Amino acid sequence: MIYSILRFPGSNCDWDMYYVLRDVLKVTPSFVDYRETVLPAETSAVLIPGGFSYGDYLRSGAIARFSPIMSAVQEFAEAGKPVIGVCNGFQILTEAGLLPGALHPNESLNFICRPQKLVVENCQTPFTRQFSLKQTVTFPIAHGEGNYYCDETTLQDLKEHNQIVLRYVNNPNGSTDNIAGITNQGGNVLGLMPHPERASEAVLGGTDGKILFQSLVASITQHV
């Protein structure tokens, strides 16, 4: 089983994810270059890290979604396999049409970097199964374009299909309905702006984020 971490020009949280998977969770991560056209054969999950892919030119994630590797990610997701995008990864997933909505500049127009309280709204996904419903957790945020937007019809669809996974406590960026993370209708693609990989060891200030990765590993192991 391989946990494939995509790397784009400007990715800067790739090593954070790699470290958490390899040294904290004791599973096998592998970097996958954006120029590749196929994922490693033993890929069990795809992780798209944070950063500033292609320098966030045009808008965040808008160029990365055209990278050669994204066709393989699309096929992987459509096969019902787990894909997670964190921060810039979330932006890429919305640009690629794998998740609904879009990420706009923060309402304050300032870059925000701080610990952020969140509420778990769905603990029945492969990524959240080890959380409790309505559990309050803390993940760091670090973004300038984290203001999640969708129209009213899309918001109703998200609610109807239980796709809202995380909400902000004291909304930091103006996101619609306090949304911090969502899944697709199948529940196998997750996008979130907060960084769970930065909250996976006590020495860094907390371990709430570790639970997300533990949930993912448990889900994959169960289905092997």
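Basis for what follows: all heavy atoms, side chains included, without hydrogens, waters or symmetry-related copies. The structure presented is a predicted model; accordingly, all values stated were derived computationally and were not measured.
Taking CD from Gln185 and CG from Leu99, the interatomic distance works out to 11.0 Å, rounded to the nearest 0.5 Å. In this structure, the separation between OG on Ser30 and CG on Leu47 is 11.5 Å, given to the nearest 0.5 Å. For the atom pair Thr125 OG1 and Leu212 CG, the distance stands at 7.5 Å (nearest 0.5 Å). In this structure, NZ in Lys210 is found 10.0 Å from CD in Gln130, a value given to the nearest 0.5 Å. Arg167 CZ to Asn122 CG: the interatomic distance, rounded to the nearest 0.5 Å, is 10.5 Å. With values rounded to the nearest 0.5 angstrom, Asn173 atom CG is found 12.5 Å from Tyr148 atom OH.
In this structure the side chain of Leu103 never reaches within 4.5 angstrom of the side chain of Ile92, judged on heavy atoms. Two residues are said to be in side-chain contact when any heavy atoms from C-beta on lie closer than 4.5 Å; Pro194 and Leu118 meet this criterion.
Looking at every heavy atom in both residues, Gln116 comes nearest to Asn170 through NE2-O, 3.8 Å. Between Asn106 and Asn147, the shortest heavy-atom contact is OD1-N, 3.8 Å. Between Arg198 and Leu204 the shortest heavy-atom distance is O-CB, 4.1 Å. Smallest separation of non-hydrogen atoms from Leu133 and Glu121: CD1-O, 3.4 Å.
For the residue pair Gln222 and Arg129, a side-chain donor N or O sits within less than 3.5 Å of a side-chain acceptor on the partner. One side chain, Ser60 or Asp56, offers a donor N or O that lies under 3.5 Å from an acceptor on the other. Using modelled atom types, one finds a donor on one side chain and an acceptor on the other under 3.5 Å when comparing Gln156 with Glu152.
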Step by step, work out the side-chain hydrogen bond (donor to acceptor under 3.5 Å, both in side chains) result for Gln163 and Thr183. CA-CA 5 Å; Gln163 291 173 250; Thr183 66; 4.9 Å; no

Evaluate Tyr19 against Ser200 for side-chain hydrogen bond (donor to acceptor under 3.5 Å, both in side chains), listing each step before the verdict. CA-CA 10 Å; Tyr19 171 80; Ser200 294; over 6 Å; no

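Heavy-atom contacts from other residues, nucleotides or ligands closer than 6.0 Å to CZ of Phe111 number more than 12.
Taking the six-membered ring for Trp and thresholds of 30 and 60 degrees, Phe131 and Phe139 have ring planes inclined between 30 and 60 degrees apart. The aromatic rings of Tyr149 and His104 sit parallel to each other, their planes meeting at less than 30°, with 60° as the upper class boundary.
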Please set out all donor-acceptor pairs under 3.5 angstrom arising from side-chain atoms of residues 68-83, sequence neighbours excluded.
unit_1	atom_1	unit_2	atom_2	d
Gln74	NE2	Glu78	OE2	3.1

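Under the 4.5 Å side-chain heavy-atom criterion for grouping Ile, Leu, Val, Met, Phe, Trp and Tyr, Ile2 is not connected to Val20 through any hydrophobic cluster.
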